[in-house]
J.: 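Got a structure for you, questions after.
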Amino acid sequence: MTPLLDLAGDLEVVSSLAIFLLASVLAVLSGLAWRRERDRRMLFVTVAYVSFALRGLFVFVEEPLAHLLNTELLEHASPFLVVVGLLLFFVAVSRR
């Protein structure tokens, strides 16, 4: 591999870890807000953040698990978690 490809792979792993950590914290905070308020929109936001956290986790663990498992399906299916998260945010914002 060239150094540029190594840097790109490392950047993907670090950014995925950051997405996982940030989305996890935001999911916990919005989950606590949902528990306090019982507003259904906050439940949608919480699940959306969980979806983003799972996507970040899947991409983060993909490379270490690549030599143990076939992670190709995980790699190609994980963007659907972003789609689910975006749809849930839309539902949360558009509901009254």
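Since the model is a prediction, treat every value here as computed from it, not as a measurement.
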J.: If Ile, Leu, Val, Met, Phe, Trp and Tyr residues are connected whenever their side-chain heavy atoms lie under 4.5 Å apart, and connections chain through other members, are L17 and V59 in the same group?
T.: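 Cluster IDs for L17 and V59 differ.
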
J.: Please lay out, stage by stage, how L86 and F52 fare under the test side-chain contact (heavy atoms from CB on, under 4.5 Å).
T.: CA-CA 9 Å; L86 291 172; F52 290 131; 4.3 Å; yes

J.: With rounding to the nearest 0.5 Å, note down the distance linking CG in L21 to CG in L57.
T.: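 CG of L57 is found 9.5 Å from CG of L21.
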
J.: Linking I/L/V/M/F/W/Y whenever their side-chain heavy atoms sit closer than 4.5 Å, directly or via other members, would V82 and F89 fall into one cluster?
T.: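 Yes, V82 and F89 fall within the same hydrophobic cluster.
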
J.: How close do M42 and A33 get, heavy atom to heavy atom, and via which atoms?
T.: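 Closest approach of M42 to A33, heavy atoms only: CE-CB, 3.8 Å.
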
J.: Are L29 and V50 linked, directly or through other ILVMFWY residues, by side chains that come within less than 4.5 angstrom of each other?
T.: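 Different clusters: L29 never reaches V50 through Ile, Leu, Val, Met, Phe, Trp or Tyr contacts under 4.5 Å.
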
J.: How many angstroms lie between CG in L26 and CD1 in I19, if you round to the nearest 0.5 Å?
T.: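 So the CG of L26 and the CD1 of I19 are separated by 12.0 Å.
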
J.: For W34, does the six-membered ring have the charged nitrogen or CZ of R36 within the cation-pi criterion, i.e. under 6.0 angstrom from the centroid and within 45° of the normal?
T.: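 No - R36 does not lie over the ring of W34 by the 6.0 Å and 45° rule.
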
J.: Measuring only between side-chain heavy atoms, which start at C-beta, is L87 closer than 4.5 Å to V91?
T.: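 Heavy-atom side-chain distance check fails, nothing below 4.5 Å.
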
J.: Using 0.5 Å steps for rounding, measure from the CZ atom of F60 to the OG atom of S15.
T.: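 Taking CZ in F60 and OG in S15, the distance rounds to 11.0 Å.
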
J.: Where is the tightest heavy-atom contact between T46 and A27, given as atom of each residue plus distance?
T.: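 Nearest pair, atom of T46 first, then A27: CG2-O, 3.7 Å.
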
J.: Taking all non-hydrogen atoms of both residues, which atom of A23 and which atom of A53 are closest, and how far apart?
T.: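 Taking A23 first and A53 second, the nearest heavy atoms are CB-N, 3.5 Å.
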
J.: Would you say the side-chain atoms of S78 pair up with the backbone N or O of R55, donor to acceptor, closer than 3.5 Å?
T.: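 Checked: no pair found.
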
